[in-house]
Every structure is written in structure tokens, then in C-alpha cells.
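Below is one structure, written out as C-alpha cells, with a few remarks after it.
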Amino acid sequence: DAEVKAGKSLTVSAGILAGDQGLIQAGDDVRVKFTQNATVRAGGNVVLEMDTNSTIESGGSILAKEGSGHLRGGRYLAVESLVAKELGSNYGVETHVRLGTNPQMLRELQRIQKELRASHARASKLQRQRDVDTAKRLGQALTRELASGIRCAMKAQRDLKKSTVLLEQQQANLEATMAEAGLPLLRIEKTIHSGVTIQMGNARLLIEQTRPGGTFSRDAITGEITQT
């Protein structure tokens with residue numbers, strides 16, 4: 001599977017068919033007719049007509065206003081908004097929308113959390129080894145080596161936790177700025193199907209029954225996702 005990267009905008013005159021390892025990435029907007037089983041990352045907007053089973057990440061908005069405007073079976077992450085004609089499918093295929101979070105920041109946070117779990121596991125393993133060493137009196141040199149390893153692992157944990165706090169604060173600042181601008185928004189012109197999950201901040205909404213489209217936003221008072 002190929003990787004296509006552009007420092008600025010990227011326009012694909014036809015569509016993108018990719019496998020699990022395929023990646024389309026641009027520093028600004030991505031414009032494409034359709035995508036299927038692709039990973040698309042854009043620093044700006046992603047403009048397309050149709051998608052099936054892709055992961056689409058946008059530092060701006062995902063806009064599927066032309067053609068069928070149908071997004072289904074994928075993961076759609078955008079900072080500002082998602083606009084489409086139809087979302088999900090008649091068969092209730094899981095479709096995930098996450099708005100109001102910077103996808104790049106989210107990936108970094110997930111990476112740090114993974115490293116934090118690994119660092120914690122390493123520290124725990126070294127601690128158990130040191131306890132065994134102490135009990136069996138295997139030697140001071142080995143004990144010092146294990147103790148040094150534990151200190152390094154614990155320092156790594158502290159550094160990772162600091163990075164996590166920083167990213168979480170950046171996310172909180174982003175949410176505050178978005179709220180002032182009346183964002184994020186999900187706007188579906190025709191139909192939103194069962195099986196669609198919408199997330200804005202820490203609020204989630206599962207669409208359990210197919211319904212007419214509308215505009216979804218986060219209520220400023222309750223914090224819940226509402227449709228108008």
C-alpha cells in the first residue's frame with residue numbers, strides 16, 4: 001500500500017482505494033472524489049463526495065456536500081465540523097464521528113498513553129526482579145543496576161505524565177475557543193442512520209434509530225449533544 005504526502009494541498013481527480021497501510025496526507029486541504037478503506041489526514045479541510053470504511057482526519061472540516069455526500073462505516077475526525085448529505089448505512093454499520101478534537105493531538109496523546117503503560121510495566125517488572133534479588137542476596141552490583149533501571153523508568157513515567165497534562169490542557173483550550181465560535185457542528189442534510197456514534201469533547205450520542213438529518217451541536221448548559 002502506498003503513501004502519498006504533500007506539504008500543502010492535495011487534489012485527487014478520481015478516487016482513493018487503499019488497504020490498511022495506505023496513507024494520504026497533506027499539510028492543507030485534501031480534495032478527492034471518493035475514498036474507500038483509506039487513511040486520509042489533512043491539516044485543513046477534507047472535501048469529497050463519498051466514503052466507505054475510511055479513517056478521515058481533518059484539522060478543519062470534513063465536507064461531503066456534492067455528489068451522493070454519503071459517508072459510512074468509517075471514522076471521521078475533525079476540529080470544526082462535518083457536513084454531509086447522509087451518514088451511516090441502512091444496515092446499521094458502525095460509523096464514528098469525533099468533532100472538536102485535533103486529530104494530530106489525539107494521536108500524540110494515544111502514543112504517550114501507550115508509552116506510559118509500557119513504562120509502568122517495565123518499572124513493575126524491574127521492581128519484582130529487585131525484590132527477588134534482595135531476597136536471594138544475589139549481589140549489590142546487580143541490585144544497584146536494577147535500582148537504576150527503576151529510577152529511569154519512573155522518570156520516564158513522570159515526563160510522560162507531564163506531556164499528557166500539557167496535551168489535555170491544549171484540548172481544554174481548544175474546546176473553549178470552539179464553544180465561543182459555536183463549534184463544533186455536525187450537519188446532515190438528508191438521513192443519519194442507526195449505528196452512528198457522535199462524540200464532541202467528552203459527550204457521546206449513539207443513534208439507535210434511523211432519523212432525518214439535522215444539525216447536531218453540544219448544548220452550552222447541559223454539555224449534551226442535541227439535534228435541531
Side-chain angles (χ1 to χ4, degrees), residues 16 18 20 22-24 30 34-42 45-65 68-111 113-114 167-168 171-172 174-176 178-179 181-228:
I16 299 172
D20 293 338
L23 173 63
I24 308 298
V30 171
F34 70 88
T35 51
Q36 181 174 327
N37 298 323
T39 296
V40 180
R41 296 173 181 167
N45 297 332
V46 177
V47 182
L48 72 167
E49 295 184 10
M50 181 177 66
D51 171 70
T52 303
N53 299 334
S54 296
T55 295
I56 299 179
E57 302 179 359
S58 166
S61 296
I62 297 172
L63 306 172
K65 299 188 289 185
S68 69
H70 192 180
L71 307 178
R72 57 192 171 193
R75 295 177 65 250
Y76 308 104
L77 299 87
V79 173
E80 296 180 1
S81 63
L82 185 151
V83 180
K85 295 180 180 179
E86 187 174 0
L87 185 62
S89 77
N90 291 325
Y91 303 103
V93 175
E94 289 187 2
T95 302
H96 300 274
V97 175
R98 184 165 185 171
L99 303 175
T101 298
N102 186 307
Q104 183 176 354
M105 187 187 305
L106 180 62
R107 288 198 307 274
E108 178 65 10
L109 182 59
Q110 291 171 340
R111 182 191 68 79
Q113 290 173 339
K114 182 179 180 179
L167 287 171
E168 289 174 345
Q171 175 60 28
L174 174 62
E175 289 183 11
M178 299 283 284
L183 297 170
L185 289 176
L186 170 65
R187 184 173 294 116
I188 305 301
E189 295 181 10
K190 294 181 178 179
T191 307
I192 183 167
H193 294 277
S194 61
V196 172
T197 299
I198 305 166
Q199 181 173 350
M200 298 181 182
N202 59 5
R204 290 175 180 265
L205 176 64
L206 172 63
I207 305 301
E208 298 181 340
Q209 292 184 334
T210 297
R211 64 174 80 170
T215 298
F216 296 80
S217 60
R218 195 172 179 186
D219 187 275
I221 298 175
T222 65
E224 296 179 352
I225 298 173
T226 58
Q227 179 181 7
T228 56

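Along the sequence shown, residues are numbered consecutively beginning with 1.
A side-chain contact (heavy atoms from CB on, under 4.5 Å) with F216 holds for exactly one of I207, T226, L185, T228; it is I207.
Residues passing the side chain to side chain contact (heavy atoms under 4.5 Å, CB included) test with R98, sequence neighbours excluded: L77, T101, L106, Q199. Scanning for side-chain hydrogen bond (donor to acceptor under 3.5 Å, both in side chains) contacts around S89 gives an empty result, with sequence neighbours left out. Listed by chain and residue number, S58, I62, L99 satisfy the side chain to side chain contact (heavy atoms under 4.5 Å, CB included) test with A78 (two or more places apart in sequence, or in another chain). T222 pairs by the side chain to side chain contact (heavy atoms under 4.5 Å, CB included) definition with D219, E224, not counting sequence neighbours. By the side-chain hydrogen bond (donor to acceptor under 3.5 Å, both in side chains) test, Q227 pairs with R211, sequence neighbours left out. When the side-chain hydrogen bond (donor to acceptor under 3.5 Å, both in side chains) test is applied to S61, the partners found at least two apart in sequence or on another chain are S81. Remark: N202 pairs with R218 by the side chain to side chain contact (heavy atoms under 4.5 Å, CB included) rule, at least two apart or across chains. Partners of E86 under the side-chain hydrogen bond (donor to acceptor under 3.5 Å, both in side chains) rule, at least two apart in sequence or in another chain, are H193.
One finds the CG atom of L48 at 8.5 Å from the CG atom of L63 (value rounded to the nearest 0.5 Å). Note that the CG atom of L186 and the CD1 atom of I225 stand 8.5 Å from one another [nearest 0.5 Å].
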Worksheet item: Can E208 and S194 be said to form a side-chain contact (heavy atoms from CB on, under 4.5 Å), step by step?
Response: CA-CA 5 Å; E208 298 181 340; S194 61; 5.8 Å; no
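Checked by atom type, the side-chain pair T95/R72 shows no donor-acceptor distance below 3.5 Å.
Counting heavy atoms from C-beta on, the side chains of V196 and L206 never come closer than 4.5 Å. At a threshold of 4.5 Å between non-hydrogen side-chain atoms, the residues L71 and T52 do not count as touching.
Applying the salt bridge (Lys or Arg N to Asp or Glu O under 4.0 Å) test to residues at least two apart or on different chains, the pairs with a partner in residues 49-58 are K33-E49, R41-E57, E57-R107.
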